[in-house]
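Order of appearance sets the numbers: ligands from 1, and atoms from 1 within every ligand.
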Amino acid sequence: MRPDQSPVIRLSEYCPPDFLIDHVALDFRLHPSGTVVDAVLTLRRNPKGRAGAALSLDGEDLTLLSVALEGKELAASAYEVSPEKLVIPDVPDAFTLALKTEINPAANTRLMGLYRSNGVYCTQCEADAFRRITYFLDRPDVMSTYSVRIEAEKAEAPLLLSNGNPVGAGDIPGTTRHFALWEDPHRKPAYLFALVAGDLDRVTDTHTTPSGRRVTLNVYVEKGKGNRAAYAMDSLIRSMKWDEEKFGREYDLDLFNIVAVSDFNMGAMENKGLNIFNDRYILATPETATDQDYHNIEAIVAHEYFHNWTGNRITCRDWFQLCLKEGLTVFRDQEFSSDERSRPVERIANVQTLRAAQFVEDAGPLAHPVRPHQYKEINNFYTATVYNKGSEVIQMLRLLIGPAKFREGMDLYFERHDGEACTVEQFIRCFADISGRDFTPFMRWYDQAGTPLVTVRDAFDAATGRYTLHFQQATKPTPGQPEKHPQVIPVSLGLLDPQGQSLVSDDLFVLDGAEGQKTWDNMPARPIPSLFRGFSAPVRVEINRQPGDLLVLAGHDPDPFNRWQALQDVAIDLLKRSIAGIRKGEAPLADPTLAAALERLIRHSDADPAFAALAIALPRETEMAREIGQDVDPDAIGTAVTALWRFIGQSVGSLARERYDALSKPVPFSPDAASAGKRALALRLLNYLIAANPAEGAGLALAQFERANNMSDRANALWALVTADRPERDQAFAAAEARFRDDPLLLDLWFTLNASIPGKAGRERVEALLRHPKFTLGNPNRVRALVGAFANGNPRGFHAADGAGYRLVADVIGEVDGKNPQLAARLATAFRTWKALEAGRRTEAEMALRGLVAPDRSRDLSDILERSLA
Ligand code: PHE
Ligand code: ZN
């Protein structure tokens with residue numbers, strides 16, 4: 001392939017900036033296709049930079065109109081300007097630089113920098129897109145105060161927003177235009193700059209902080225959607241209170257604005273005082289949002305708010321430190337959701353996500369450390385490894401020193417580094433100083449990629465009652481890291497007796513070498529070990545279990561995570577054997593003891609429906625592919641998993657029906673976790689009913705769809721029908737399309753449902769829907785809803801043996817790349833498992849990837865292709 005020409009940026013080559021920018025004054029004259037930006041930068045040489053260095057500013061897609069130094073326009077000979085740089089060789093030690101640039105928001109389909117979303121001007125600058133607004137030292141260790149003037153047509157943009165505080169506004173006499181002035185007193189890196197201008201609906205409220213600051217809170221949404229912002233506002237207020245109570249952090253401005261836009265590459269963005277959201281993580285009413293939507297809104301509103309301290313006031317020195325803000329902030333939002341909802345249920349869901357996204361990433365060609373050592377395109381490192389494994393590393397840190405010391409360490413971090421751009425080392429040092437512990441070995445979690453495999457062997461000496469657990473760890477090589485070293489692995493553990501009584505609990509064993517062991521004496525009988533309680537480390541575990549142990553754990557482990565895990569392990573083990581047999585032409589396997597265990601769970605599901613919903617769900621096909629890890633045959637997996645659902649459905653049928661009917665009694669809708677748990681349980685029961693008897697089950701699902709008084713029940717009915725090849729499915733899907741047609745977020749759900757129909761039928765729908773009048777490559781949500789959902793959530797369709805699924809997705813990626821490289825690159829990561837497939841599919845996938853390689857591909861996509869194919 002053509003080697004990608006982009007330079008490699010390395011952590012080891014970090015140099016402080018040669019100049020600092022103390023203040024930035026921006027003046028935007030907004031126009032859809034020709035916005036003029038006047039920037040006045042107050043610069044001085046950085047004492048830590050290279051003496052006498054030229055000033056070299058970053059730019060992208062800018063038209064430079066003029067440059068003035070200390071108020072004097074520079075002759076063209078005084079600077080060099082290229083598409084990516086503005087270099088001024090001869091500058092004094094301190095000066096102002098005035099830059100006039102022109103940009104075209106309407107033509108900005110990358111959705112980076114200043115662009116238009118549904119008529120609304122908005123910005124996205126992280127990681128390095130501020131340079132698409134003006135020439136700048138576009139790096140997070142350059143922090144400045146900002147004053148901003150925005151001018152626009154009054155009719156088009158009655159609302160003009162930027163970071164910080166509003167300090168003035170007015171009409172421009174003799175024109176149809178007006179302006180607003182904003183000041184942000186907090187120094188910030190350019191990636192946190194934001195501007196919004198448009199005609200939006202608003203929901204407003206206030207929150208008073210413990211120190212007595214009365215903060216005005218606004219959530220802005222597209223016109224006509226104001227009735228859908230209440231839950232986001234409620235989540236924001238709860239987040240503010242939680243951060244005050246749990247971390248002692250309060251908000252630091254009198255105004256906090258959230259704006260929801262419909263065209264957005266990511267989930268949301270934590271711009272100082274002006275968070276900008278993908279509107280699917282803001283908009284919710286019972287009629288339009290599912291339980292998962294409510295959960296996401298709460299978590300993401302919290303996440304962006306929490307960034308105010310972990311990310312904004314203390315930011316990253318460079319982009320290699322991305323986990324410093326993201327891993328930590330994911331940890332904080334997961335803690336918040338655990339406190340607001342059910343801690344065990346949140347933990348299980350988070351671990352499912354980690355395994356589905358991060359373990360898979362770690363096992364393939366895109367594996368990288370939580371803190372990468374090099375990159376070509378930083379946008380490709382907003383990954384499950386940085387975010388979710390980054391959060392797990394903080395979990396382990398807290399486990400190792402305990403919650404009290406952890407809080408003290410956080411306090412020290414905020415006190416010591418407020419206002420700075422930091423490194424991971426500076427963060428970890430705070431915990432080392434507080435606890436006296438040496439974290440040098442622990443730092444390997446940041447620098448070594450790959451998921452450790454911990455192998456456990458136990459031994460019991462009946463004569464002496466001595467019980468020994470022996471641990472070993474090993475990590476497979478990952479790209480660029482052939483040799484792996486042991487990690488510091490905290491193992492939260494307990495021991496149960498054969499009847500399920502607790503013998504040992506709350507024990508913490510730290511495996512910090514290649515091997516280690518722990519011994520107990522005077523054990524009355526061979527204990528059953530419960531290891532990695534609460535998923536105490538992001539590792540895979542293999543253990544020589546005695547037959548029956550898992551079922552005792554499933555029934556009696558005091559740790560709910562491990563109760564859940566035990567049943568999953570039973571099912572995974574059974575499915576692995578079943579899949580291997582199917583590939584040899586044997587019949588799928590079934591297991592009555594598993595069915596009996598699930599039946600017991602269903603019988604007692606009233607106590608905790610949300611937990612039961614997770615515990616009775618069989619492993620997904622994509623999970624089985626990950627567990628098998630090599631020579632994967634998605635069709636054999638599909639056959640085995642489908643057969644097991646059917647077998648268990650038939651075993652638990654009448655009880656499932658009884659419980660489903662009880663849960664289906666109409667009740668007024670509430671989005672709280674307990675109510676959502678009941679709906680989730682009803683869905684799982686419906687899955688079993690459909691698996692056991694498609695005609696009867698599909699009838700129930702269609703009835704649920706028709707009778708639902710809220711979107712969660714309605715969407716769950718549709719989800720249940722996805723796997724039912726039945727006329728009821730077509731009937732419900734057609735009704736859903738008619739019902740959802742005029743609501744983009746609901747239509748996205750409908751596209752996703754179609755793309756999720758297993759196998760060829762799903763692929764054919766995707767092919768047809770690419771030509772649906774409401775399908776567009778311009779809206780990232782729509783592309784992800786159809787093509788992303790197919791590639792990531794329909795393994796039998798995407799991984800069709802003849803390669804048709806790969807070709808379909810590759811064609812879309814190629815087309816998207818010309819418009820929105822970030823979106824194309826992200827879609828392409830669906831191929832990250834290709835090396836784990838059986839030979840035929842591997843060849844097809846590789847061909848599809850190679851077919852995408854071309855000279856005019858974006859840096860974003862080229863980087864993913866190059867690493868995937870390496
Ligand atoms: N910083 C954002 C978050 O995690 C994610 C993001 C990255 C958004 C890059 C846009 C662009 O909260
Ligand atoms: Zn974040």
Side-chain angles (χ1 to χ4, degrees), residues 60 108 110-115 117 122-133 138-140 163 188-196 232 235-236 239 243 258-282 296-316 318-337 350 353 357-358 370 372 375 377-391 394 780-781 784 820-826 829 860:
E60 189 178 297
N108 185 351
R110 303 172 79 103
L111 314 185
M112 297 298 285
L114 176 67
Y115 66 95
S117 169
C122 62
T123 55
Q124 174 52 47
C125 295
E126 187 177 5
D128 53 10
F130 186 75
R131 66 186 64 185
R132 295 168 60 79
I133 292 173
D138 194 1
R139 43 187 292 167
N163 317 85
K188 65 169 178 285
Y191 82 84
L192 292 172
F193 167 79
L195 171 158
V196 170
S235 302
L236 174 61
S239 307
D243 214 16
I258 288 177
V259 178
V261 299
S262 47
D263 301 301
F264 202 75
N265 280 339
M266 306 281 270
M269 181 62 212
E270 70 264 23
N271 316 298
K272 182 79 187 189
L274 177 53
N275 290 358
I276 298 182
F277 273 65
N278 185 328
D279 65 5
R280 68 179 304 227
Y281 299 121
I282 291 293
N296 291 343
I297 290 167
E298 180 178 273
I300 298 178
V301 166
H303 179 98
E304 306 310 330
Y305 173 72
F306 297 156
H307 267 315
N308 193 54
W309 276 94
T310 51
N312 299 4
R313 289 187 71 122
I314 306 182
T315 194
C316 302
D318 54 71
W319 291 118
F320 296 102
Q321 321 294 329
L322 184 57
C323 66
L324 177 71
K325 74 177 178 82
E326 295 304 348
L328 177 56
T329 305
V330 170
F331 170 81
R332 276 151 56 69
D333 83 55
Q334 291 180 345
E335 280 299 297
F336 169 70
S337 294
N350 291 335
T353 306
Q358 201 280 323
V370 170
Y375 61 78
E377 174 50 68
I378 186 59
N379 287 324
N380 289 337
F381 286 85
Y382 288 78
T383 59
T385 297
V386 171
Y387 276 65
N388 302 71
K389 189 174 179 183
S391 166
I394 311 275
N781 286 353
R784 285 185 286 250
N820 186 335
Q822 228 185 90
L823 179 60
R826 185 144 300 237
T829 63
D860 307 60

Verify whether one side chain among His303 and Thr329 offers a donor that lies under 3.5 Å from an acceptor in the other. no

Between His307 atom NE2 and His303 atom NE2, the angle centred on the Zn ion (ligand 2) rounds (to 10°) to 100°

Is Arg132 salt-bridged to Glu60, cutoff N-O under 4.0 Å? yes

Evaluate the ring planes of Phe306 and Phe336, with Trp represented by its six-membered ring, and classify them as parallel (under 30°), tilted (30 to 60°) or perpendicular (over 60°). perpendicular

Distance filter under 4.0 Å, heavy atoms only, around ligand 1 gives Gln124, Glu126, Met266, Ala268, Met269, Glu270, His303, Glu304, His307, Lys325, Glu326, Tyr382, Tyr387

Salt bridge present between Lys389 and Glu326 (N-O < 4.0 angstrom): no

Between the side chain of Ser239 and the main-chain N/O of Ser235, is any donor-acceptor distance below 3.5 Å? yes

The Zn ion (ligand 2) - name of the N/O/S atom of Glu326 that sits closest to it: OE1

Regarding Arg826 and Asp860, does a basic nitrogen lie under 4.0 Å from an acidic carboxylate oxygen? no

When you measure from the side chain of Asp279 to the backbone of Ile282, do you find a donor-acceptor pair of N or O atoms at a distance under 3.5 Å? no

